[in-house]
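Below: the structure, in structure tokens.
All values reported here derive from a predicted model rather than from experimental measurement.
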Amino acid sequence: MSHNLILFLIFLLPFYKYSFLTFEIFSIDVNLYCMFLFLTTLGGVFSILKSIKYNFSFTDISVILICFFFFVSFMLTQNRGASHLVFHSIIVPAISYFSFKMYVRSREIFHRAMRFYITSLLIVAVVAVLVVFRTGMRTIVMGINPIDLATLFFPAIVYYFVMKKWSNVVGMSQFVVLIAGFVTAFARGFTFLLVMAPIMRFLLNRGYSRLIMSWILLLSLLLVLLLAGSFSLLVVSPVERVAMQQNNEEGQSVERLTSSYYYRYTLLTRGAHFHEGLQKFLKKPVFGYGIEYGEKYATWHCAIIEMLVFGGILGYIVYTSFFYIIFARSKLIQIVKRESTVCLLVIVSVYLNSLMNGIMHGLAPLVIFIFAGMHEALIRIDTSKSI
């Protein structure tokens, strides 16, 4: 089974939304990454049938349950227009998970995959810097919105940080370019998570991964429900709301990071989304509504609200179990700990950022499932000692 397939696949990831590489099939946007993913998966399946040992795990079961539950809930709803969301937020990420788990067969392949990924990101970074330098504000770059842009750059920066790839001139130069590309997104959540990464890495290295994810899942649920329930305390006058919206649309540069005004506006709008989402969830609390486009919002801007609205309590349990199992299984790794730390930092950080941006759209689910697949591959590599 040639690992070159997975190298080309991850190279295509930063160009996932580039319109030049996208076409439509049955009202669903399909890009070059998706087409190559299916070919890669097909090759992997044939290899498994012939001789390659796959090592089925509890994480695999959780991914299958996510696909089954949310696909069934989608089929039971009348909102067939959301097939695009199902395809890109559930099906493609899940297949990517299994593909990366199949093809990353050694520590060297993991590092080669990251080098290919970083190479394509360097191209995107240069374009992003030029665009922001010309416009003076964050904007869509090569079809990638600012949050997705930060989602793509974050894993590469974490990789350089954990693996200490800046020890030579070339590595330091690439690291600076990646940081510059990341900064062009002016992403507040990811910037905070990047600052907190050393603390998170310290805790992961001390073996607290399962405890970390347990507390994150519990506290994030409580905080989201608190914000949704206390939304009435955040209400402002209609005049002030219009002024805040206008200023927010104009403030698409460094003010997003430095001015408390924009944090208050985000808290207000997210609180409104969470409140309405929670009210909708309470009408169908068990199975939810299935993945759909909202009547007022394209997204609920919160992973937890999306899980509850789209899948109900059962959907929330299925999806969060996926995160818990990943971190619980990390205790099996004894040798490739640094590589494992990269994957865990990426997964937990993208999840935390999705609490204020959502997880059923954009590139967040794809990045999470890719690094979850590589983490499962690292477990197999470590336990089989095929380093």
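Using a 4.5 Å heavy-atom threshold, the side chains of Y316 and I304 count as touching. Contact annotation: the side chain of L194 never approaches that of F161 to less than 4.5 Å [non-hydrogen atoms, C-beta and beyond]. Y103 is not listed as a side-chain neighbour of I109, based on a closest heavy-atom distance of 4.5 Å or more. By the 4.5 Å heavy-atom criterion applied to side chains, I381 and V104 are counted as neighbours. Between L278 and F281 there is a side-chain heavy-atom pair separated by less than 4.5 Å. Side-chain atoms of F153 and P14, non-hydrogen and from C-beta on, never get closer than 4.5 Å to each other. The shortest distance between side-chain heavy atoms of L223 and L227 does not fall below 4.5 Å. For the pair M163/M114, no side-chain contact is recorded, criterion being any heavy-atom separation below 4.5 Å from C-beta on.
Not a single donor-acceptor pair under 3.5 Å links the side chain of Y33 to the backbone N or O of V92. Between the side chain of H275 and the backbone N or O of A228, at least one donor-acceptor pair lies under 3.5 Å. Judged purely by atom type and a 3.5 angstrom limit, E306 has no side-chain atom pairing as donor or acceptor with the backbone of G358. Checking side-chain atoms of Y16 against main-chain N and O of I144 turns up no donor-acceptor pair under 3.5 Å.
No more than 12 heavy-atom neighbours from other residues, nucleotides or ligands sit within 6.0 angstrom of CZ on F71. The environment of F56 atom CZ is dense: over 12 non-hydrogen atoms of other residues, nucleotides or ligands sit within 6.0 angstrom. Atom OH of Y208 sits in a sparse spot, with 12 or fewer heavy atoms from other residues, nucleotides or ligands closer than 6.0 Å. Atom CZ of F68 sits in a sparse spot, with 12 or fewer heavy atoms from other residues, nucleotides or ligands closer than 6.0 Å. By the 6.0 Å contact criterion, CZ on F36 is enclosed, its count of non-hydrogen atoms from other residues, nucleotides or ligands being greater than 12. Counted within 6.0 Å of CZ on R210, heavy atoms from surrounding residues, nucleotides or ligands total 12 or fewer; the atom is thus considered open.
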For this session: Under the ring-ring contact (aromatic ring centres under 6.0 Å, His included) rule, what do F369 and F322 come out as? Steps first, then yes or no, please.
Result: CA-CA 10 Å; F369 277 74; F322 163 71; 4.7 Å; yes
Exercise. So V126 and L130, side-chain contact (heavy atoms from CB on, under 4.5 Å) or not? Walk me through it.
Worked result: CA-CA 6 Å; V126 172; L130 292 176; 4.2 Å; yes
For this session: Would you check, one step at a time, whether the test side-chain contact (heavy atoms from CB on, under 4.5 Å) holds for F175 with I157?
Result: CA-CA 7 Å; F175 183 69; I157 295 172; 4.0 Å; yes
Problem set entry | Test log, rule side-chain contact (heavy atoms from CB on, under 4.5 Å), inputs F98 and T41 | CA-CA 8 Å; F98 287 109; T41 304; 5.8 Å; no
For this session: Could you go through the side-chain contact (heavy atoms from CB on, under 4.5 Å) check for I333 and H375 one step at a time?
Result: CA-CA 10 Å; I333 291 181; H375 187 262; 3.8 Å; yes
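The minimum heavy-atom distance between L363 and D148, with the atom names listed, is N-OD1, 2.9 Å. Taking all atoms of both residues into account, the shortest heavy-atom contact from S220 to L355 is CB-CD1, 3.5 Å. What you find for A156 and I118 is that their closest heavy atoms are CB-CG1, 3.9 Å. The minimum heavy-atom distance between F15 and S120, with the atom names listed, is CE1-CB, 3.6 Å. Between A372 and I326 the shortest heavy-atom distance is CB-CD1, 3.6 Å. Listed here is the closest heavy atom pair of V129 and G181: CG2-N, 4.2 Å.
Of the inter-residue distances, the one linking W300 atom CH2 with E276 atom CD reads 6.0 Å to the nearest 0.5 angstrom. One finds the CZ atom of F154 at 10.5 Å from the CZ atom of F371 (value rounded to the nearest 0.5 Å). Note: L314 CG to L308 CG = 11.0 Å, rounded to the nearest 0.5 Å. Atom OG in S340 sits 8.5 Å away from atom CG in D382 (nearest 0.5 Å). For the atom pair CD1 of I147 and CG of N353, the computed distance is 5.5 Å after rounding to the nearest 0.5 Å. To the nearest 0.5 Å, the span separating CG on N4 from CZ on F116 amounts to 7.0 Å.
V177 is not connected to V170 by any chain of hydrophobic side-chain contacts under 4.5 Å among Ile, Leu, Val, Met, Phe, Trp and Tyr, and they are in different clusters. V195 and L345 are members of different hydrophobic clusters when ILVMFWY side chains are connected at heavy-atom separations under 4.5 Å. F133 and L149 fall into different hydrophobic clusters, defined by Ile, Leu, Val, Met, Phe, Trp and Tyr side-chain heavy atoms under 4.5 Å apart, directly or through other members.
The aromatic rings of F182 and F190 sit perpendicular, their planes meeting at an angle over 60°, well past the 30° parallel limit. Taking the six-membered ring for Trp and thresholds of 30 and 60 degrees, H301 and H361 have ring planes more than 60 degrees apart, a perpendicular arrangement.
In summary, the side chains of S330 and S209 do present a donor paired with an acceptor at a separation below 3.5 Å, with no hydrogens or angles considered. For the residue pair N205 and T341, a side-chain donor N or O sits within less than 3.5 Å of a side-chain acceptor on the partner.
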Got a list of side-chain donor-acceptor pairs under 3.5 Å for residues 59-67, not counting sequence neighbours?
residue: T59; atom: OG1; partner: R329; partner atom: NE; Å: 3.4
residue: T59; atom: OG1; partner: E376; partner atom: OE2; Å: 2.8
residue: D60; atom: OD1; partner: S57; partner atom: OG; Å: 3.3
residue: D60; atom: OD1; partner: Y97; partner atom: OH; Å: 2.4
residue: D60; atom: OD1; partner: K101; partner atom: NZ; Å: 3.2
residue: D60; atom: OD2; partner: Y54; partner atom: OH; Å: 3.1
residue: D60; atom: OD2; partner: S57; partner atom: N; Å: 3.3
residue: D60; atom: OD2; partner: K101; partner atom: NZ; Å: 2.8
residue: S62; atom: OG; partner: T59; partner atom: O; Å: 2.6

